[in-house]
Amino acid sequence: MPIDSPSVMGLPTWLFYDHPEAYVRAFDVAGKKWSIVVSTAPHFFIGGNDNALWALLVGVLFSFGAAGYLQMIVTRSRRIQMLVDERTMQLRTANQDLVADIAARKHAEQELQLRDRAIEASANAIIITSAEGPDYGIEYVNPAFERITGYAEEEALGRNIDFLWQRDSEQPGIEELRACLQEQREGQAVMRNYRKDGTLLWSDMYIAPVRDDYGRVSHYVIAQYDITATKRYESELEFQTNRDSLTGLANRTLLRDRLSQAISYAYRYNHPIWVLFIDLDRFKFVNDTLGHQAGDILLKAVASRMNSVVRDTDTISRMGGDEFVVVLPERTDSGLSTSIVRRLMDAIAQPLTIEGHEFFISSSVGVSVYPADGVEPETLIKHADIAMYRAKETGRNNFQFYTSEMNERALERLRIEGDLRLAIERDEFLLYYQPQVDLVSKKIIGVEALIRWQHPELGMVPPARFISLAEETGLIVPIGNWVIREACRQSKVWQDEGFIGLRTAVNLSARQFAQQNLVQSIQDALTATSLLPASLEIELTESLVMADVEQAIGILRDMKTLGVQLSIDDFGTGYSSLSYLKRFPIDVLKIDRSFVNDITTDPDDAAIVTSIISLAHSLRLSVIAEGVETREQLDYLQQHGCDQIQGYFFSRPVTAEVMTQMLRDGTRLQLTDDQPA
């Protein structure tokens with residue numbers, strides 16, 4: 001192959017041939033430029049470097065071998081690393097699963113421990129019983145069970161739960177629990193349980209079956225909730241709904257329910273029912289004099305007394321204030337008779353001491369009968385109420401059965417009450433005056449002011465028809481104040497005409513006496529009319545001042561400082577003692593007409609009158625006998641030293657005009673055997 005051939009097997013020649021670099025040297029010789037170029041022809045590179053070539057080949061082969069070995073090692077390492085990574089990942093995953101499993105187990109253990117602690121700490125009792133055997137023995141109770149029931153754990157284990165209700169086995173809840181056990185289901189029941197000390201424990205009990213892995217019931221768990229306080233609260237609500245808060249008696253709601261039930265039973269068996277409407281006489285006086293606290297004590301005592309004499313089937317209800325209703329259904333073993341009413345009235349009338357004061361409280365009772373007087377509860381109560389007012393009108397402290405005529409009287413009473421409220425505004429009241437005569441001089445020395453009502457339609461209405469109604473409604477206070485002012489005004493007229501020694505007497509009611517401003521109202525009347533205080537006499541009943549002696553003494557002394565005269569009216573009908581009478585700053589005793597009526601025929605009444613006259617004179621008091629209607633009565637009073645009389649024998653009550661004329665005429669007591677002066 002030529003050396004200068006351009007290629008060898010298509011490869012460039014420079015790759016296989018060495019081309020030494022030519023040597024060129026330029027120099028000047030004899031002033032001319034000369035160049036010497038020395039070069040060699042290209043030669044094949046192996047020719048002079050075979051050792052190097054072999055070394056190269058060996059190196060290349062070694063390099064390829066080493067590279068292959070390294071590649072093999074790298075590949076194997078990579079496979080190992082991948083395997084290690086895979087196993088590491090598997091280990092990491094397994095470790096994570098293990099950690100999660102451990103955490104889950106720990107959490108489950110914590111939950112179990114929490115449940116155990118929660119059961120132990122629960123405020124409600126937890127009971128676990130076996131589902132095997134007929135006794136369903138208790139296997140576990142928590143501390144709350146011990147606290148709630150009083151039974152220790154060892155006292156409950158192995159026992160049937162029925163020991164909690166002891167002998168009280170007639171409960172619907174027991175049947176429900178037994179049904180739950182037999183049917184292996186959940187259930188709930190409200191039970192009366194009993195603590196170890198025997199006290200009642202109301203429980204709300206929930207029962208549920210516990211099943212094993214095969215679905216079989218192995219145990220029962222019972223949650224017992226103490227609802228005693230809730231039941232007590234429910235009872236209190238029921239009591240407040242159906243009972244009077246003061247006396248514990250049935251209220252209006254429960255009364256109507258009981259009466260309706262009694263009517264249904266009576267209709268079915270054709271039995272009668274008595275409905276009693278009871279009102280306490282003079283209860284307002286106790287309230288007004290001693291206060292509402294004393295009144296409450298009295299009401300509770302009366303309620304207790306009535307409860308002690310009625311039967312279990314009877315119902316006593318407080319309607320409000322001092323009014324009670326008693327329902328007396330007939331029983332097969334005993335009928336109804338007035339003796340039952342008498343027993344109630346006698347029980348109420350027993351003496352009662354309140355704050356050191358002894359009271360005698362009577363009652364007025366109205367009776368209606370089913371079905372004659374009504375077939376509805378409201379009708380029977382209404383008619384008994386009407387009969388009660390009739391009992392009051394006939395003197396109180398008695399009972400009356402309802403009649404149809406009473407309904408007309410009740411309607412009239414309602415009409416009178418409405419008109420009475422307007423009577424003062426319409427100036428319909430007027431005063432009559434009954435003279436009081438001195439038995440020595442036979443002259444008129446005083447008058448008693450007596451109210452009359454000139455009704456525009458009913459005409460002259462006597463006090464008996466409206467005074468008791470005025471007391472019940474409280475209208476007696478403004479009416480009484482009007483009487484005092486009018487009596488003072490008329491007395492001033494007589495005083496101005498020269499009748500200086502004439503005394504005008506005015507009665508005070510219990511409600512007036514209880515006024516806080518009583519003394520001031522009397523002072524205002526005296527001041528407004530410019531009347532001399534000695535010309536006014538205030539009359540108080542014996543029972544009124546004896547209700548609260550110390551308070552009465554204080555009020556009487558305050559009135560006495562005004563300069564007015566004081567007298568005890570109806571003396572002998574109450575229960576005054578001499579020691580109290582001596583302390584009262586009074587001027588006059590008035591002998592009640594009930595003693596004067598039979599003074600000539602009843603030795604006892606005559607003796608009482610004589611004793612009163614003697615007692616009054618020993619205390620330096622004047623004595624007036626009221627209700628004197630016959631000469632025989634007058635003679636007896638004169639013979640025994642009575643100072644003054646008042647009654648029809650001398651004069652009926654007359655108008656102010658007639659009384660003025662009698663004073664001007666100097667009218668005197670005329671007796672047929674009187675000797676001329």
Side-chain angles (χ1 to χ4, degrees), residues 103-241 243:
R105 288 177 178 273
K106 186 175 182 180
H107 181 69
E109 291 178 359
Q110 289 176 343
E111 285 186 341
L112 289 174
Q113 292 175 357
L114 177 60
R115 290 172 186 171
D116 290 341
R117 289 195 297 269
I119 291 174
E120 294 289 317
S122 173
N124 301 309
I126 304 297
I127 307 165
I128 299 177
T129 71
S130 172
E132 299 178 358
D135 293 334
Y136 300 96
I138 295 174
E139 295 186 0
Y140 169 81
V141 294
N142 69 342
F145 175 87
E146 301 181 17
R147 183 179 66 256
I148 292 173
T149 67
Y151 289 99
E153 182 180 10
E154 56 271 14
E155 294 177 299
L157 295 181
R159 302 177 67 178
N160 188 288
I161 196 173
D162 62 3
F163 77 94
L164 288 177
W165 46 82
Q166 299 180 7
R167 298 181 180 179
D168 190 3
S169 58
E170 299 298 325
Q171 302 186 52
I174 295 177
E175 296 303 322
E176 172 62 18
L177 290 184
R178 288 174 178 169
C180 291
L181 295 174
Q182 293 173 0
E183 300 169 14
Q184 296 186 342
R185 61 174 173 82
E186 296 181 0
Q188 178 266 340
V190 175
M191 308 279 296
R192 291 187 301 272
N193 296 162
Y194 295 88
R195 300 182 180 89
K196 185 178 180 180
D197 60 5
T199 56
L200 177 63
L201 167 66
W202 280 98
S203 299
D204 197 352
M205 306 185 79
Y206 290 82
I207 184 171
V210 180
R211 301 182 183 275
D212 59 18
D213 296 337
Y214 302 99
R216 293 176 300 189
V217 176
S218 61
H219 294 83
Y220 288 94
V221 60
I222 301 173
Q224 181 186 28
Y225 300 90
D226 182 2
I227 59 171
T228 306
T230 303
K231 279 290 184 180
R232 186 181 301 114
Y233 180 67
E234 289 177 356
S235 298
E236 291 175 357
L237 285 180
E238 189 275 337
F239 185 89
Q240 293 175 5
T241 302
R243 297 285 176 173

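No experiment lies behind these values; they were computed from the predicted model shown. All residue numbers in this chain count up from 1 along the given sequence.
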(message) Return the OH to CG distance between Tyr194 and Leu164, rounded to the nearest 0.5 Å.
(response) 11.5 Å
(message) Please report the interatomic distance CD1(Ile227) to CE(Met205), rounded to the nearest 0.5 Å.
(response) 10.5 Å
(request) To the nearest 0.5 angstrom, please state how far the OH atom of Tyr136 sits from the OG atom of Ser130. (result) 9.0 Å
(request) Count the heavy atoms of every other residue, nucleotide or ligand shown that sit under 6.0 Å from CD of Glu170, and state whether that count exceeds 12. (result) no
(message) To the nearest 0.5 Å, what is the distance between CZ on Arg159 and CD1 on Ile138?
(response) 8.0 Å
(request) Please name the pair of heavy atoms, one in Trp165 and one in Arg192, separated by the smallest distance, quoted to 0.1 Å. (result) CB-O, 3.5 Å
(request) Using modelled atom types only, decide if a donor and an acceptor are shared between the side chain of Asn124 and the backbone of Ala223 within a distance under 3.5 Å. (result) no
(request) Among Thr199, Asn193, Asp197, find the residue that satisfies the side-chain hydrogen bond (donor to acceptor under 3.5 Å, both in side chains) test when tested with Arg195. (result) Thr199
(message) I'd like to know if Arg185 and Glu176 make a salt bridge, using a cut-off of under 4.0 Å between side-chain N and carboxylate O.
(response) yes
(request) Please examine the side chains of Leu200 and Thr228, heavy atoms only from C-beta on, and report whether any two atoms are closer than 4.5 Å. (result) no
(message) Quick check: do Met191 and Leu177 have side-chain heavy atoms less than 4.5 Å from each other?
(response) yes
(request) Looking only at non-hydrogen atoms, find the nearest pair between Asp226 and Trp202 and report the distance. (result) OD1-O, 3.5 Å
(message) Can you tell me how far apart CD1 (Ile207) and OH (Tyr220) are? Round to the nearest 0.5 Å.
(response) 6.5 Å
(message) If you compare all heavy atoms of Cys180 against all heavy atoms of Glu186, which two are closest, and at what distance to 0.1 Å?
(response) SG-O, 3.7 Å
(request) Go through Gln224 and Ile161 one step at a time and tell me if the side-chain contact (heavy atoms from CB on, under 4.5 Å) criterion holds. (result) CA-CA 11 Å; Gln224 181 186 28; Ile161 196 173; over 6 Å; no
(request) Please round to the nearest 0.5 Å and tell me the distance separating atom CD of Glu175 and atom OG of Ser169. (result) 9.5 Å
(request) Locate the shortest heavy-atom distance separating Gln184 from Pro209; write the atom from each residue and the value. (result) O-CG, 3.8 Å
(request) Taking the side chain as every heavy atom from C-beta outward, state whether Thr149 and Phe163 have any atom pair closer than 4.5 Å. (result) no
(request) Check Ala156 against Val141 and note the closest heavy-atom contact, atom names and distance. (result) CB-CG1, 4.3 Å
